[in-house]
Amino acid sequence: MISAQAWADARRLWDYHQMDHALRPCSVAIGLGSHDLGVADTAVDLYKRGMAPLLVFTGATSPTTRERMPRGEAVHYRERALELGVPSSAVLVEPRARNTGENIRFSRHLLEKAGVKVSSVLLISKPYEERRAYATACKLWPEVEFVSASTPMTLEEYVDSIQDARLVIDMLVGALQRLLIYPEQGFMISQPVPLDVLAAYERLCREGFTGRLLATGRTTG
């Protein structure tokens, strides 16, 4: 059973991980590969709304996507976009990245090689990874402006889509831990973490939602 307090803490982390950026047209949209085809669907929706003239899908495979996406996350995202009516000429694929940093670096190189001038990027990720993706992108590509986006949904809706509440809360906790420790390692810019968010994170760690934590720096206290 997941306690009422744990659910409340999870909602606090869920809200914090989302940047609530106002969407606006950008030079390009970059969809970060994962198990979630909803990222591709959201990218297509934003493309059709005129928010970006070009889509880049980035991602290889991981232990969680190898069976579902054997041709690679970015390739499956592209196939999804074409099924939904996006012309092939409007989609680029970066098939090698295996983490968020590589997503950004390899996508940047791909766009530079293609001669695409980029001043702003619509950065599309899973809802709970908006802030992590944003902080990473700002560190690795500081010359451009990033606008974070994801599929609009509540925590409860996301849990229903995954069908594993404990896994989702583990992921929320793991994403927060990385926001706390990765800036010191040079992987992302620092993000202010409100005290109530930090308290929620620490309570969830004590409750055992540690499945996605890194081995070091498991909590802040």
- prompt: Between E102 (side chain) and R98 (backbone), is there a donor-acceptor pair under 3.5 Å?
  reply: yes

message: Looking at every heavy atom in both A200 and R12, which two are closest together, and how far apart are they?
response: CB-CB, 4.3 Å

message: Check whether S27 reaches the backbone of S120 with its side chain - one donor and one acceptor, N or O, closer than 3.5 Å.
response: yes

message: Membership question, hydrophobic clusters at under 4.5 Å side-chain separation (ILVMFWY): are Y182 and Y134 in the same one?
response: no

Closest non-hydrogen atom pair between A114 and L92, with its separation: CB-CD1, 4.4 Å

- request: Provide the closest heavy-atom pair for V39 versus G31 in the form atom of the first, atom of the second, distance.
  value: CG1-CA, 4.0 Å

Under 3.5 Å: donor-acceptor pair, side chain of Q163, backbone of D160: yes

- prompt: Between R132 and M188, is a side chain to side chain contact (heavy atoms under 4.5 Å, CB included) present by the stated rule, with each step listed?
  reply: CA-CA 8 Å; R132 176 184 175 186; M188 62 175 64; 3.8 Å; yes

- prompt: Sub-3.5 Å donor-acceptor pair from the side chain of R131 to the main-chain atoms of Y16, do we have one?
  reply: yes

- prompt: Is the backbone of G101 close enough, under 3.5 Å, to the side chain of K139 for a donor and an acceptor to pair up by distance?
  reply: no

query: E207 and R166: salt bridge (Lys or Arg N to Asp or Glu O under 4.0 Å), yes or no, with the steps?
result: CA-CA 11 Å; E207 287 292 319; R166 179 164 288 275; over 6 Å; no

statement: Rounded to the nearest 0.5 Å, the CD1 atom of I169 sits from the CG atom of L13 at a distance of 9.5 Å

query: Is F209 linked to I162 within one hydrophobic cluster, defined over Ile, Leu, Val, Met, Phe, Trp and Tyr using a side-chain heavy-atom separation of less than 4.5 Å?
result: yes

- prompt: So how far is it from S161 OG to K126 NZ, rounded to the nearest 0.5 Å?
  reply: 11.0 Å

query: Same hydrophobic cluster for I124 and V91, using side-chain heavy-atom links shorter than 4.5 Å among ILVMFWY?
result: yes

- prompt: Out of curiosity, I104 CD1 to T136 OG1, how far, rounded to the nearest 0.5 Å?
  reply: 7.0 Å

field: Pairwise distance CD(E73) to CG(L37) - rounded to 0.5 angstrom
entry: 10.0 Å

message: By the definition side-chain contact (heavy atoms from CB on, under 4.5 Å), identify the one residue from L123, L55, V121 that meets it with V28.
response: V121

query: For the residue pair W141 and F146, does the interplanar ring angle fall in the parallel (under 30°), tilted (30 to 60°) or perpendicular (over 60°) class?
result: perpendicular

field: Test log, rule side chain to side chain contact (heavy atoms under 4.5 Å, CB included), inputs L172 and L155
entry: CA-CA 10 Å; L172 293 173; L155 171 61; 4.1 Å; yes

- prompt: Hey, does E143 have a side-chain heavy atom less than 4.5 Å from the side chain of S119?
  reply: no

query: Under the side chain to side chain contact (heavy atoms under 4.5 Å, CB included) criterion, do V173 and R212 qualify, and how do the steps go?
result: CA-CA 7 Å; V173 171; R212 291 302 175 100; over 6 Å; no

field: W7 side chain near V159 side chain, heavy-atom distance below 4.5 Å
entry: yes

field: Distance-only polar pair, side chains of E130 and S150, donor-acceptor under 3.5 Å
entry: yes

query: For the side chain of Y77 and the backbone of S34, is there at least one donor-acceptor N/O pair under 3.5 Å apart?
result: yes

message: Strictly distance-based, threshold 3.5 Å: is any side-chain N or O of T210 a donor or acceptor partner for the main-chain N or O of L213?
response: no

task: Answer yes or no: is there a side-chain heavy-atom contact under 4.5 Å between L110 and V116?
output: no

task: State, yes or no, whether a side-chain contact exists between L32 and E129 at a heavy-atom distance under 4.5 Å.
output: no

- request: Might you point out which heavy atoms bring L23 and S148 nearest each other, and give the distance in Å?
  value: CD2-O, 4.1 Å

task: Please report the shortest heavy-atom distance between I189 and C138, naming the atom on each side.
output: CD1-CB, 3.6 Å

field: Cluster check L198, M171: I/L/V/M/F/W/Y, side chain < 4.5 angstrom
entry: yes

- request: Mark yes or no: R178 above the aromatic ring of F187, with NZ or CZ under 6.0 Å from the six-membered ring centre and no more than 45 degrees from the axis.
  value: no

- request: Check the pair D164, V168 against side chain to side chain contact (heavy atoms under 4.5 Å, CB included), reporting the backbone distance first and the verdict last.
  value: CA-CA 6 Å; D164 189 336; V168 171; 5.6 Å; no

Gap separating the OH atom of Y128 from the CG atom of D15, nearest 0.5 angstrom: 16.0 Å

message: Could you measure the distance from the CG atom of L46 to the CZ atom of R49? Nearest 0.5 Å is fine.
response: 5.5 Å

field: Residues D9, R203; criterion salt bridge (Lys or Arg N to Asp or Glu O under 4.0 Å); working and verdict
entry: CA-CA 8 Å; D9 289 337; R203 281 192 297 267; 2.7 Å; yes

field: Main-chain N/O of L122 paired to R24 side chain as donor or acceptor, under 3.5 Å
entry: no

message: When you group the ILVMFWY residues by side-chain heavy-atom contacts below 4.5 Å and let the links chain together, are V56 and V147 in the same group?
response: no

- line: Residues L82 and P87: closest non-hydrogen pair is CD2-C, 4.0 Å

task: Return yes if some donor-acceptor pair links the side-chain N/O of H76 with the main-chain N/O of R71 below 3.5 Å, else return no.
output: yes

field: Short N-O contact, R105 and E94, less than 4.0 angstrom
entry: no

field: T151 (side chain) donor-acceptor with T42 (main chain) under 3.5 angstrom
entry: no

message: Please determine whether the number of non-hydrogen atoms from other residues, nucleotides or ligands lying under 6.0 Å from atom CD of E184 exceeds 12.
response: no

query: Within 45° of the six-membered ring axis of F57 and under 6.0 Å from that ring's centre, is NZ or CZ of R78 located there?
result: no

